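Just so it is clear, the structure is predicted and the values come from calculations on it, not from any experiment.
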Amino acid sequence: MAEANWYVVHTYSGYENKVKADIEKTIENRKLEDQILDVVVPMQDVVEVKNGVQKETQKKLFPGYVLINMVMNDDTWYVVRNTRGVTGFVGPGSKPVHLTEEEMKPLGIKSTGKVIIDFEEGDSVSVVAGAWQDTVGVIQSINQTKQTVTITVDMFGRETPVELSFTEIKKL
């Protein structure tokens with residue numbers, strides 16, 4: 001199978017989240033999870049002061065653009081290009097150009113290479129990073145495509161599902 005790369009797609013301004021949702025729905029409907037791996041609207045945290053009140057919000061890093069991690073072939077190109085709100089791929093003419101690792105690094109988005117995991121559903125794991133650090137939970141489901149696991153943790157006496165990346169947990 002060909003290698004997945006990050007591509008930039010130009011959209012109508014203000015349609016970024018709609019394009020993302022539409023592409024994700026098409027991926028699910030056409031069973032393209034193994035070819036279109038991730039759709040991202042890059043965001044940044046911004047502190048705004050309005051009427052003397054500080055408020056932290058998220059703004060689009062690149063208005064009018066969506067990043068897609070995909071294997072470029074005729075099917076995936078057609079799906080993305082013909083999504084409502086998409087004006088085209090970024091690149092010369094009709095030939096999309098993928099982003100390099102160096103270009104992706106400052107965005108904080110990592111290419112999703114296949115990760116080999118040593119745990120399965122039902123295993124007890126410890127969270128080693130993030131907001132849930134030092135919490136213990138049981139794996140309920142594993143999503144290889146998104147490289148996430150859903151674990152249940154005990155919070156206020158109730159079992160609560162939490163989605164974490166593979167790198168945030170370790171097997172007990």
Side-chain angles (χ1 to χ4, degrees), residues 4-9 11 14-63 65-71 79-80 83 85 99 101 103-172:
N5 290 302
W6 285 96
Y7 294 89
V8 180
V9 176
T11 67
Y15 279 73
E16 300 89 349
N17 292 326
K18 177 80 172 122
V19 166
K20 178 181 190 251
D22 288 349
I23 291 173
E24 287 173 343
K25 188 174 283 186
T26 305
I27 291 168
E28 192 175 319
N29 292 342
R30 293 191 180 200
K31 308 275 189 271
L32 294 171
E33 292 92 348
D34 59 333
Q35 294 179 44
I36 301 177
L37 307 176
D38 205 2
V39 183
V40 177
V41 178
M43 304 290 269
Q44 66 180 351
D45 293 326
V46 176
V47 176
E48 293 180 338
V49 179
K50 285 188 180 177
N51 300 328
V53 178
Q54 253 189 346
K55 185 173 140 186
E56 202 169 301
T57 60
Q58 285 202 317
K59 297 262 187 206
K60 292 180 183 85
L61 199 55
F62 306 112
Y65 295 93
V66 174
L67 300 178
I68 302 179
N69 188 11
M70 61 187 257
V71 175
V79 164
V80 173
T83 299
L99 297 174
E101 282 292 324
E103 293 169 324
M104 292 302 294
K105 235 178 241 174
L107 303 177
I109 302 169
K110 295 179 178 69
S111 292
T112 51
K114 285 289 181 196
V115 175
I116 298 169
I117 54 174
D118 66 341
F119 44 79
E120 56 191 40
E121 291 180 16
D123 284 351
S124 292
V125 293
S126 174
V127 182
V128 295
W132 294 93
Q133 188 169 356
D134 300 327
T135 306
V136 175
V138 177
I139 297 177
Q140 297 302 309
S141 65
I142 299 173
N143 185 332
Q144 285 282 1
T145 306
K146 290 173 58 181
Q147 295 189 359
T148 61
V149 294
T150 302
I151 66 170
T152 55
V153 296
D154 186 40
M155 189 164 86
F156 305 122
R158 293 186 178 181
E159 293 287 313
T160 305
V162 177
E163 187 176 81
L164 301 166
S165 76
F166 289 168
T167 58
E168 293 180 297
I169 61 170
K170 73 173 184 178
K171 189 175 178 179
L172 290 178

What heavy-atom pair brings [X] and [Y] nearest, and what distance separates the two atoms?
{"X": "Thr57", "Y": "Lys55", "result": "CG2-CE, 3.6 Å"}
{"X": "Ser126", "Y": "Leu172", "result": "CB-CD2, 3.6 Å"}
{"X": "Val40", "Y": "Val66", "result": "O-CG1, 3.5 Å"}
{"X": "Val39", "Y": "Ile23", "result": "CG2-CG2, 3.7 Å"}
{"X": "Ser124", "Y": "Val138", "result": "OG-CG2, 4.1 Å"}

Please answer whether the main-chain N or O of Ser165 pairs with a side-chain N or O of Glu168 as donor and acceptor at a distance below 3.5 Å.
yes

Kindly say whether Asp22 contributes a backbone atom to a donor-acceptor pair with the side chain of Glu24 at under 3.5 angstrom?
no

Approximate separation, where rounding is to 0.5 Å, of [X] [atom1] and [Y] [atom2]:
{"X": "Leu61", "Y": "Gln44", "atom1": "CG", "atom2": "CD", "value": "5.0 Å"}
{"X": "Asp123", "Y": "Ile139", "atom1": "CG", "atom2": "CD1", "value": "5.5 Å"}
{"X": "Met70", "Y": "Gln35", "atom1": "CE", "atom2": "CD", "value": "9.0 Å"}
{"X": "Lys18", "Y": "Thr83", "atom1": "NZ", "atom2": "OG1", "value": "10.5 Å"}
{"X": "Glu103", "Y": "Leu67", "atom1": "CD", "atom2": "CG", "value": "10.5 Å"}
{"X": "Ile68", "Y": "Leu99", "atom1": "CD1", "atom2": "CG", "value": "11.0 Å"}

Exactly one candidate in Thr135, Val136, Val127 meets side-chain contact (heavy atoms from CB on, under 4.5 Å) with Ile151; the answer is Val127

Quick one: do Val80 and Tyr7 satisfy side chain to side chain contact (heavy atoms under 4.5 Å, CB included)? Show the steps, please.
CA-CA 11 Å; Val80 173; Tyr7 294 89; over 6 Å; no

Count the heavy atoms of every other residue, nucleotide or ligand shown that sit under 6.0 Å from [atom1] of [X], and state whether that count exceeds 12.
{"X": "Tyr15", "atom1": "OH", "result": "no"}
{"X": "Lys171", "atom1": "NZ", "result": "yes"}
{"X": "Lys60", "atom1": "NZ", "result": "yes"}
{"X": "Glu56", "atom1": "CD", "result": "yes"}
{"X": "Gln54", "atom1": "CD", "result": "no"}

By salt bridge (charged side-chain N to carboxylate O under 4.0 Å, His left out) - contacts of Lys59 (at least two apart):
Glu48

Contacts of Tyr65 that satisfy ring-ring contact (aromatic ring centres under 6.0 Å, His included) - sequence neighbours left out
His10

Do Val149 and Phe119 come close enough that some side-chain heavy atom pair is under 4.5 Å?
yes

